[in-house]
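Since the structure comes first, as structure tokens, the remarks are kept for the end.
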Amino acid sequence: MKFIDLFAGLGGFHTGFVNSGYECVFACELEPHLRELYLKNYGIEPHGDITKVDEKIIPEHDVMCAGFPCQPFSLAGKKKGSECPESGRLIDHVIRIAKHHKPKFIVLENVPNVLTIADGSFWDYMKESFKNIGYKLEYKIISPVDVGIPQNRKRVFIVGSKLEDGNFIWPRYNELDKQSLFDILDNNCDSKPLEPKKIEQLAHWQSLLNLINLDKLASMSLVAPEFGADYPLDFSSMTIKQMRSYKGAYGKSLKNCNTWVEVLALLPSYCQKNKLVASWLEKSVKFSRDVYSNNASAIDIWSEKIDKNNNSWQILEWRGRHFEHDIYSHIVQFRASGIRILKPEKAPSLISMTTTQIPIIPSQNRYISAHEAAKLQNLHELPNLPDGLIKSFKALGNAVNAKVVEMIASNLKVWKTT
Ligand SMILES: C[S@@+](CC[C@H](N)C(=O)[O-])C[C@H]1O[C@@H](n2cnc3c(N)ncnc32)[C@H](O)[C@@H]1O
């Protein structure tokens, strides 16, 4: 069975299909450094821009793979099923190549919202376009955690076939094989150490968790500025005079304030813009005030030492185990919204946009390495990753999980013969 790899990137499709016994006969990728890397890793030099690829030069193949980039498009507002959108969209080139070659199967991958974007009209457009050239599309949302890899990354996998009868059998998940991120860590790997200030901040938050001795902590944030505060959660219609009877961030009294500028300066940053606490934060704000009222004097001492220069470090977003409040047995991300604590069974999705959210292993005071991140995509056997952490994480964050692909590729082979 031969396949082609459109929008090849780091080659998640390539690795998955080759592991399942297929042969790659063509690839294309826009980025020169990824093309170079693909050649080094797989011995195939990808063509460049798909819009310039003449479909006639592509060899015959059984499966067409395409992890097409999720482009903005302008179907929104138009009536469902309306006329063809403007040309030049990358999916149109996938359709153009499929129409010429008519491979047995088409395998596409993208973010799940490709199904719902523009009121579902893009998905309708895809289904209709492939139907017009003889394919039926089926889809399933799959995350690597479903196949035993500790990364939470929901993606939609779409399989197109010319078969009229029978549905594609999606890979069976093996919950028993569940791994934790700690199971895949390397010894002595080349990873970025955690900055001393972040180490200090985590230790300080851990000392609070030890101090307050909570029974259960379920998807809740500890919002430190609320310790000692009692200002109304919505003060948008209050006067300065009314505000003077309350306490702001860390219990600072508002009684001497004469202007809104002075009031707001003593309130937490997250409520300053609209003079209210956003509804998504309300529960955590109330919870934090309760925690404070039960432990006031100990928390007052603790609050003196928290780093107040960084707003997001003053919020601990607990998404970890409910009854085990040990930061060091978890994974951490320093996010704009707060310090997020996550279960090691579900590492956050590697995302291509930013390296600021690279998961941290707090027990080892370090970020995960590029090789460990490659394991989360089942691409760790690649001889080469892009140079440097930023390029590596970007490419890995863009890639399709090769294990999920391999399972789909294997099921396609069986399907062919039934
Ligand atoms: C979502 S990523 C797919 C990654 C790939 N599936 C993998 O496993 O690494 C989309 C890729 O399409 C490439 N790309 C974007 N526009 C392109 C074009 N016009 N022609 C070819 N490749 C393109 C991007 O550089 C990027 O590597």
Side-chain angles (χ1 to χ4, degrees), residues 3-20 22 24 26-42 44-55 57-58 63-73 86-98 106-114 117 122 142-144 147 149 151 153-159 349-354 370 373-386 390-409:
F3 72 97
I4 63 168
D5 191 5
L6 307 179
F7 312 102
L10 214 45
F13 275 115
H14 189 115
T15 296
F17 269 82
V18 166
N19 285 352
S20 180
Y22 292 71
C24 182
F26 177 88
C28 78
E29 165 56 50
L30 192 63
E31 288 285 337
H33 81 275
L34 291 175
R35 288 206 295 270
E36 237 173 75
L37 203 67
Y38 202 95
L39 176 61
K40 277 199 217 160
N41 281 335
Y42 304 114
I44 289 179
E45 187 166 6
H47 288 244
D49 189 348
I50 194 169
T51 65
K52 311 232 158 53
V53 170
D54 177 354
E55 60 272 18
I57 63 138
I58 299 177
V63 187
M64 166 197 269
C65 303
F68 61 101
C70 193
Q71 279 196 314
F73 53 89
E86 29 331 297
S87 64
R89 284 215 324 267
L90 295 175
I91 190 68
D92 292 335
H93 294 276
V94 177
I95 297 162
R96 166 175 65 87
I97 294 167
I106 291 162
V107 184
L108 311 171
E109 181 250 11
N110 216 304
V111 290
N113 97 14
V114 90
I117 199 160
F122 181 64
I142 308 178
S143 170
V147 298
I149 294 180
Q151 186 195 177
R153 177 191 185 83
K154 286 191 176 145
R155 290 293 182 271
V156 62
F157 289 84
I158 300 165
V159 169
S349 180
L350 293 168
I351 48 167
S352 61
M353 308 303 281
T354 166
K375 286 187 187 176
L376 295 177
Q377 293 289 52
N378 220 41
L379 289 172
H380 51 288
E381 281 174 8
L382 287 185
N384 306 283
L385 285 175
I390 293 178
K391 278 191 177 164
S392 280
F393 271 83
K394 181 167 187 235
L396 287 165
N398 257 332
V400 58
N401 186 283
K403 182 75 193 167
V404 178
V405 169
E406 184 183 331
M407 293 172 87
I408 290 174

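Along the sequence shown, residues carry numbers from 1. Just so you know, ligand 1 is whichever comes first in the structure, and atom 1 is the first atom listed for that ligand.
- Taking distance alone, with nitrogen or oxygen atoms compared against 3.5 Å, V400 approaches ligand 1 more closely than that limit.
- Residue C28 places no N or O, backbone or side chain, under 3.5 Å from any N or O of ligand 1.
- F7 is linked by a ring pair (Phe, Tyr, Trp, His ring centres under 6.0 Å) to nothing, counting only residues two or more places apart in sequence or in another chain.
- By the 6.0 Å contact criterion, CD on E55 is enclosed, its count of non-hydrogen atoms from other residues, nucleotides or ligands being greater than 12.
- Considering every non-hydrogen atom in both N384 and K40, the closest pair reads ND2-CB, 3.7 Å.
- Relative to atom 15 (C) of ligand 1, the option among P46, A395, P69 with the closest non-hydrogen atom is P69.
- Near A399, meaning under 4.0 Å from one of its heavy atoms, ligand 1 places the atoms 7 (C), 8 (O), 9 (O).
- The N398 neighbourhood of ligand 1 comprises atoms 1 (C), 2 (S), 3 (C), 4 (C), with distances under 4.0 Å to a heavy atom of that residue.
- Between L34 and ligand 1 there is a heavy-atom distance shorter than 4.0 Å.
- Residues L376 and Q151 approach most closely at O-NE2, 2.9 Å, considering heavy atoms.
- Counting heavy atoms closer than 4.0 Å to ligand 1, residue A8 contributes backbone atoms (N, CA, C, O) but none from C-beta onward.
- Nearest-heavy-atom check against atom 19 (N) of ligand 1 across V405, D49, L6, T15 picks out D49.
- Considering backbone and side-chain atoms together, I50 places an N or O closer than 3.5 Å to an N or O of ligand 1.
- Of the polar atoms of G12, at least one N or O is found under 3.5 Å from an N or O of ligand 1, judged by distance alone.
- Of all the atoms in ligand 1, the ones that sit under 4.0 Å from a non-hydrogen atom of G67 are 1 (C), 2 (S), 3 (C), 10 (C).
- Between L379 and A399 the shortest heavy-atom distance is CD1-CB, 3.9 Å.
- Taking a cut-off of under 4.0 Å to the non-hydrogen atoms of E31, the atoms of ligand 1 that pass are 25 (O).
- Ring pair F68/F122 is tilted by interplanar angle, where 30° to 60° counts as tilted.
- In this structure the side chain of H47 reaches within 4.5 angstrom of the side chain of I57, judged on heavy atoms.
- Donor-acceptor pairing under 3.5 Å is lacking for the side chains of Y42 and D5.
- Within the 4.0 Å heavy-atom criterion, neither part of T51 lies near ligand 1.
- In this structure, P383 and N41 approach most closely via the heavy-atom pair CD-OD1, 3.2 Å.
- Listed by atom number, the atoms of ligand 1 under 4.0 Å from L90 heavy atoms are 16 (N), 19 (N).
- A98 and I106 get closest at one heavy-atom pair: CB-CD1, 3.9 Å.
- Which parts of ligand 1 touch L10 is read off a 4.0 Å heavy-atom cut-off, strictly below it: atoms 7 (C), 9 (O).
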